[in-house]
Amino acid sequence: MREVPVALRLIDRIQENHKTITLVLDHALDARPGQFCMLWLPGVDEKPFSIAGPDPLMFTVSRVGPFSEAAHALSKGDPIWVRGPFGTGWSVGPGRALLAGGGYGAAPLYFLARRLREAGAEVEAALGARTSADLLFMDRFGGLGLPVHAATEDGSMGAPGRVTDVVAPLLGSGRFDRLYACGPEAMLKALEARCRETHVAGELSHEAYMRCGVGICGSCERDARLVCMDGPVFSVPGGG
Amino acid sequence: MRHSGPIDLSCMIAGVRLPTPLVLASGIWGTSPTLLERAARTGAGAVTSKTCTPAPRRGHRNPTAIDWGHGLINAMGLPNPGAAEEVALLRDAARRLAALGVALIASIAADTVEEFGRTAAIVSDAGPALIEVNISCPNVESSHGEMFASSAEAAAAVTRQVKASTSIPCVVKLSPNVADIASIARAVAAAGADGITAINTMPGMLVDAESGAPILAHGTGGISGAALKPIALRCVHEITAAVGLPVIGTGGVLTGTDAVEMLSAGAACVGVGSAIVSRGEHALSLILEELKTWISERGYHGLDDIRGRSHRGAGAGAIITNPPPVPGWEKSRA
């Protein structure tokens, strides 16, 4: 892929839930799970999105603001401009992996789950959202034939509560070598603390407001690190 | 003859001694004290903070910066928290850098001559080693109507106002997008500038072939990186031929050889920015090592041996150098 935006065509637009779609593009991208691209709609804005699948290239977009509104208005055949991939990704290898997704954090984890399975890893997933209608990718993860734990804040599906409530005892069970997570900052903060308590290595993918995407402008700084260049995946050491 | 002793790469700019001649250019990694410290640890002699303005600025919408193949083009629009907020960040940065012996340069910009003075006074409280007076950002529309760097009179007026508002030495950052940069340099020198940073980015534009739309949300932006180097070398040469002020030569320095070229054109020290993208976050330390190797391979002792050589002209006998043998050249002839 090039560093300048490239126009790619929508070959499918999948309605995931009441506020979320997946854009499927006519392109295969050489990317690692956890990496992101900058999506541009001329005259609207350019925003970072995690890669939900590389071949065909897919991005999952929840309606939250002017850019995602415009992305939701796209139809099959319309172009969208992409530059990337940028950033670090998640490590992929064998072992016992727990994936924790909050809201649309489930999308990049789905790409990761497929790569982990190909690498011979044992994978379980925990997905959380406010209500059952907000849960994302339950069927996709289910389709991979791996155990999926759900948590909803209103208790309408799975365990009542947050995904962190489900993940905390799983991390304490000793069944997992590594936690991979993507979701809101508060969730990642809680999981980072839990990783340290349980000595399970964590790889947490963070969101940030981005401008350049290539590590020069400093807009996405988080604790002296650049989310676009040093992240978006940051490691929590495991072990004693 | 190869030089065996230690090579002194320290240099002076406007009365401030820098441990290395490399200056992190303004706008790289913003104003975050921890990021400026991180840059300082990679070999900078000084780091320049993101330009701050009297009032906070959100900056332009994305896309704001694109790596287009021969450098960067950006139109950030000077996003910054405003001078009053920024002064605390600068104070923290100055403290972190002092521990490393690296100088802080605080960059300022404003819409009016008076506000330039007021902003200089505010950031002076943070105790930067130098203030960089950015009169040449190509990406902001000011009430002044055009860049202060566009005219000798306006550039001099800002310089005088800033000099009257602070006791900290000031370097004035000039634009390449003028008919005669030497005349602007003479004007700011006469107005009391302690040094010059040359150059800011050159206005340019990217257009997306598919949509026909400008890629940057601002439409136009400033070109930096490889494409800017020949323009920067010309400007630094012309400025140092015109005035005796020290110049931070900035524009397209990606390698140690580029730094040698910039010093040869007359720069006192060398600004580095876009190299962070093309060579990664350790760009400054790579450039510094390459510069050291270049100097020692030719038997030189330091920066004074290479500085200003472009002014000696290209006549036979005027160029003195001692290039190292190229390993394996006999084989390539065989």
Side-chain angles (χ1 to χ4, degrees), chain A residues 1-10 25-27 36-49 65-68 70-71 74 77-88 208-231, chain B residues 24-39 41 49-50 58-80 89 96 206-217 219 221 224-225 273-281 283:
Chain A
M1 184 68 86
R2 298 187 306 168
E3 303 276 3
V4 291
V6 182
L8 303 176
R9 210 164 285 284
L10 237 66
L25 307 178
D26 63 345
H27 190 80
F36 70 94
C37 290
M38 299 295 288
L39 302 192
W40 176 47
L41 289 171
V44 185
D45 209 337
E46 188 193 43
K47 294 276 183 192
F49 286 88
F67 180 86
S68 49
L74 295 174
D78 285 344
I80 186 166
W81 283 254
V82 180
R83 64 183 174 109
F86 299 121
T88 57
Y209 176 67
M210 282 182 197
R211 288 175 182 275
C212 75
V214 294
I216 197 160
C217 75
S219 300
C220 63
E221 188 235 355
R222 180 181 169 277
D223 302 334
R225 295 184 295 185
L226 294 161
V227 173
C228 73
M229 183 180 83
D230 303 323
Chain B
L24 183 77
S26 177
I28 311 300
W29 292 0
T31 313
S32 153
T34 48
L35 287 178
L36 292 178
E37 179 185 350
R38 183 168 157 182
R41 289 182 184 280
S49 57
K50 175 76 186 169
R58 280 183 52 84
H60 299 313
R61 257 187 308 124
N62 278 351
T64 45
I66 298 287
D67 178 359
W68 58 281
H70 305 280
L72 297 174
I73 184 165
N74 90 84
M76 305 300 297
L78 298 184
N80 79 94
L89 300 173
R96 290 166 183 270
L206 294 180
V207 174
D208 173 62
E210 219 58 59
S211 63
I215 295 182
L216 296 173
S224 61
S274 302
I276 302 276
V277 171
S278 54
R279 303 195 70 189
E281 70 161 308

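In the text below, chain A, chain B and the rest are named by the order of the sequence lines, each starting its count at 1.
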Heavy-atom side-chain proximity of A/Cys212 to B/Asn74 below 4.5 angstrom: no
Is there a side-chain contact between A/Trp40 and B/Asp208 in this structure, where contact means two heavy atoms from C-beta onward sitting under 4.5 Å apart? yes
Residue part contacting chain A, namely of B/Pro33, when any heavy atom lies under 4.5 Å: neither
Side chain to side chain, B/Pro63 and A/Met38, heavy atoms closer than 4.5 Å: no
Looking at B/Thr64, B/Thr31, B/Leu35, which has the largest count of heavy-atom pairs under 4.5 Å with chain A? B/Leu35
Given that the side chain runs from C-beta out, which part of B/Asp67 has a heavy atom under 4.5 Å from chain A: side chain, backbone, both or neither? both
Answer yes or no: is there a donor N or O on one side and an acceptor on the other, between the side chain of B/Arg61 and the main chain of A/Val44, under 3.5 Å? yes
Comparing A/Val214, A/Asp230, A/Asp223 against chain B, the one with the most heavy-atom pairs below 4.5 Å turns out to be A/Asp230
Could you pull out the closest heavy-atom pair between A/Arg211 and B/Arg58, with the gap in Å? NH2-O, 2.5 Å
Exam field: side chain B/Asn62 to backbone A/Met210, donor-acceptor pair closer than 3.5 Å: yes
Just so I know, are the side chains of B/Ile66 and A/Arg83 near enough to count as touching, which here means a heavy-atom distance under 4.5 Å? yes
Given that the side chain runs from C-beta out, which part of A/Pro42 has a heavy atom under 4.5 Å from chain B: side chain, backbone, both or neither? side chain
Could you check whether atom CZ of B/Arg279 has more than 12 heavy atoms from other residues, nucleotides or ligands sitting under 6.0 Å from it? yes
What part of B/Ile276 gets within 4.5 angstrom of chain A, counting heavy atoms only: side chain, backbone, both, or neither? side chain
Structural part of B/Leu36 lying under 4.5 Å from a heavy atom of chain A: neither
Chain B contacts, top residue of A/Gly213, A/Ala7, A/Cys217 (heavy-atom pairs, under 4.5 Å): A/Cys217
Side chain of B/Trp29, backbone of A/Gly215: donor and acceptor closer than 3.5 Å? yes
